[in-house]
Amino acid sequence: MSLSKQDIDHIARLARLEVAPQEKGDYVEKLSQIIELVEQLGAVDTTGVVPMAHPLDMVQRLRPDSVTEADQRDYLQQNARDTENGLYTVPKVIE
Amino acid sequence: MSTLLPDFAEMARALRAGKVSSRELTGDCLARIKRHDSSLNSFISVYPEQALAAADAADKAIAAGSAGPLTGIPMAHKDIFCAEGTRTTVGSKMLDNFVAPYDSRVVSGLAAAGMVSVGKTNMDEFAMGSSNETSYFGPVKNPWDLQRSPGGSSGGSAAAVAAGLVPAATGTDTGGSIRQPAALTGLTGLKPTYGRVSRYGMVAFASSLDQAGTLTRSASDAALMLGAMAGFDDRDSTCANVPVPDYSATLNDSLQGKTIGVPKEFFDDGLEAGCAQAVQDSIKEYQKLGAVIKEVSLPNLAMSVPVYYIVAPAECSSNLSRFDGVRFGYRTESTGDLADMYTRTRSEAFGVEVKRRIMTGAYVLSAGYYDAYYLQAQKVRQLISDDLSRCFAEVDVIMGPTTPTPAFKLGEKMNDPVQMYLNDIYTIAANLAGLPAISIPCGFSQNLPVGLQLIGTQFAEGLLLNCAHQYQQATDWHLRTPSISGGVA
């Protein structure tokens with residue numbers, strides 16, 4: 001299947017990415033090739049096959065719901081571009 | 001005099017006998033990096049002061065008699081493993097400024113065993129690539145031919161070890177990212193069973209496929225390193241609670257009567273003639289070692305690339321949604337509302353291949369397409385896993401080529417992602433089924449190294465290392481080095 005420029009815009013929006021107008025043609029071409037590659041799977045008969053979500057036959061491990069970590073907020077926030085009073089700051093959301 | 005010795009065992013002997021100190025071994029690595037890495041670009045960060053301090057601590061432990069088999073041996077980490085207080089970039093502009101606040105299990109495990117990390121190696125951005133050309137820090141060169149790629153995504157680790165800059169390095173393997181670079185640079189590259197090594201502190205790409213492993217000169221070195229990396233860790237919810245055997249103890253077991261399965265699909269038209277010859281010859285060598293060869297079939301092998309390019313991008317698009325410029329990593333300078341901030345941050349800091357994979361993932365998971373792509377891929381993944389299980393009912397180990405060709409030229413496949421993806425045709429199946437696999441040097445084609453791949457059942461790393469070691473006792477391919485290394489080993 002060949003994707004259109006509109007498809008690229010839609011996918012980019014879902015992925016919170018922006019594709020510059022001059023790059024759009026390249027994305028159309030390359031993503032169409034990739035989709036063509038993966039579409040081969042449609043020809044495989046998978047009637048009655050249980051989907052494999054994970055390579056190990058295991059169940060989710062659970063632990064008691066208790067505090068195991070010390071408070072490291074100031075230390076961890078050193079990697080943030082912008083914080084204020086221990087909070088992460090972002091552009092204004094509500095006017 | 002060069003202090004670089006052929007394997008860990010000899011280094012440990014020399015260290016204990018006082019013939020060399022860890023400070024000397026480490027200093028020698030740092031000097032070689034300084035001398036050669038401008039032409040290879042295999043390192044993103046080098047930490048001389050920290051490395052020499054760790055080496056001094058190792059020398060004290062050796063003097064005190066409390067050293068283990070890895071104490072004082074220098075190594076490097078792929079820049080995907082968090083190491084406290086140091087930059088961890090994953091080869092991306094997104095994490096160019098990220099200082100890891102804690103150690104990954106792989107880093108702390110090898111440090112506890114006394115290994116000395118000298119720095120962090122270059123890699124494809126977020127481990128997405130098979131040539132190391134998607135790195136924000138530029139491509140890595142193959143020490144065997146500087147015009148060629150060392151493979152990827154663990155290309156920096158492979159180039160650094162092959163050129164003798166460090167005796168060993170860590171890597172990660174989601175679809176072949178340890179084994180393919182090992183094959184293209186003449187190294188031993190081990191991808192353990194999914195869940196064998198904790199993923200704690202290892203930046204995620206595709207969580208049901210990612211696994212940490214080693215790039216070394218020999219199987220005996222890999223056995224020692226894996227012992228220090230493997231084991232249960234409750235900070236990784238998919239880490240397996242399975243005892244870690246002594247991998248060194250079984251290296252010398254006899255291969256008499258072991259059955260090797262050779263899938264006929266591994267020798268298709270896509271396999272370059274010189275690679276095919278080297279791999280066939282190496283399988284004959286196993287016959288001499290007492291193994292029985294049996295032809296087997298993996299009828300769905302050709303579907304492993306399409307399955308991978310649905311499952312991996314789907315998981316990547318989900319994992320990489322965390323990069324929004326708020327808590328860590330890059331943030332755009334441009335002003336706008338919150339949605340603009342997210343979009344611009346991601347668009348400015350992710351490279352083209354990462355964006356392609358995120359978008360592929362977003363597409364195959366989007367409304368109306370989920371069943372046709374993602375669900376169908378999970379079903380075919382099961383069929384590929386069933387094919388492998390059927391083979392292992394008859395054989396102990398599966399063998400074949402690691403890659404379809406020897407190292408390709410830089411730039412050759414960059415404009416054709418599908419051709420680049422098909423380079424992983426022989427390696428992906430082991431990731432899909434969660435099986436351990438190793439690539440070992442088995443000859444040359446066009447004067448470039450060729451890799452033999454061995455695949456085992458889940459948690460059969462001991463048998464794979466045993467098979468690899470026995471081959472390395474009988475042959476000397478793993479001792480061949482490129483001229484840049486100055487004849488190390």
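Letters A, B, ... mirror the listed sequences (proteins, then strands); counts begin at 1.
With B:Arg346 contributing its side chain and A:Arg16 its backbone, the two residues share a donor-acceptor pair below 3.5 Å.
Among the candidates A:Asp82, A:Asn79, A:Val44, the residue making the largest number of heavy-atom pairs closer than 4.5 Å to chain B is A:Asn79. Heavy-atom pairs under 4.5 Å with chain A were tallied for B:Gly329, B:Cys239, B:Gly325; the largest tally goes to B:Cys239. Of the listed residues (B:Ser208, B:Gly434, B:Ser237), the greatest number of heavy-atom pairs within a distance under 4.5 Å of chain A belongs to B:Ser237. Between chain A and the residues B:Arg356, B:Gln458, B:Met341, the largest count of heavy-atom pairs under 4.5 Å involves B:Arg356.
Proximity to chain B at a heavy-atom threshold of 4.5 Å picks out A:Gln60, A:Arg61 from residues 59-74 of chain A, in numerical order. Contact annotation for residues 358-374 of chain B against chain A (heavy-atom separation below 4.5 Å, listed by residue number): B:Ile358, B:Met359, B:Thr360, B:Ala362, B:Tyr363, B:Ser366, B:Tyr369, B:Tyr373. Listed in order of number, the residues of residues 25-34 of chain A that approach chain B to under 4.5 Å between heavy atoms are A:Asp26, A:Tyr27, A:Lys30, A:Leu31, A:Gln33, A:Ile34.
If you measure heavy-atom distances from B:Asn415 to chain A, the contacts under 4.5 Å come from both the backbone and the side chain. Looking at A:Val93, the atoms closer than 4.5 Å to chain B (heavy atoms on both sides) all sit in the side chain, from C-beta outward. At a 4.5 Å heavy-atom cutoff, the contact between B:Phe350 and chain A is made by side-chain atoms alone. Both the backbone and the side chain of A:Ile8 come within less than 4.5 Å of a heavy atom in chain B. Heavy atoms closer than 4.5 Å to chain A are found nowhere in B:Tyr308, neither backbone nor side chain. In this structure, chain A has heavy atoms under 4.5 Å from both the backbone and the side chain of B:Val307.
When every heavy atom of A:Asp45 is checked against every heavy atom of B:Leu383, the shortest pair comes out as O-CD1, 4.0 Å. What you find for B:Leu432 and A:Met52 is that their closest heavy atoms are O-CE, 3.3 Å. Closest non-hydrogen pair, A:Leu41 versus B:Met303, comes out as CD2-SD, 3.7 Å. Nearest heavy atom pair, residue A:Tyr75 against residue B:Ala100, reads OH-O, 4.4 Å.
With A:Thr46 as the fixed residue, the side chain to side chain contact (heavy atoms under 4.5 Å, CB included) test singles out one of B:Gln376, B:Gln378, B:Gln382: B:Gln376.
Rounded to the nearest 0.5 Å, atoms CD1 (B:Ile310) and CD1 (A:Ile35) are 7.5 Å apart. For the atom pair OG1 of A:Thr83 and CZ of B:Arg327, the computed distance is 14.0 Å after rounding to the nearest 0.5 Å.
Residue-environment remark: CD (A:Gln22) exceeds the threshold of 12 foreign heavy atoms within 6.0 Å.
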Note to self: Please evaluate residues A:Arg81 and B:Glu333 with respect to the criterion side chain to side chain contact (heavy atoms under 4.5 Å, CB included), reporting the C-alpha separation (whole Å), side-chain torsions for both, the decisive distance (0.1 Å), and the verdict.
What the structure shows: CA-CA 11 Å; A:Arg81 230 293 276 291; B:Glu333 296 293 337; 3.6 Å; yes
Notebook entry, point to check: Given the rule in the side chain to side chain contact (heavy atoms under 4.5 Å, CB included) test, do B:Thr238 and A:Leu56 qualify, once you have shown the distances and angles that lead to the verdict?
Noted result: CA-CA 8 Å; B:Thr238 61; A:Leu56 296 181; 5.8 Å; no
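When the salt bridge (Lys or Arg N to Asp or Glu O under 4.0 Å) test is applied to B:Arg357, the partners found at least two apart in sequence or on another chain are B:Glu353.
Considering only heavy atoms from C-beta on, B:Val99 stays 4.5 Å or farther from A:Gln78 through its side chain.
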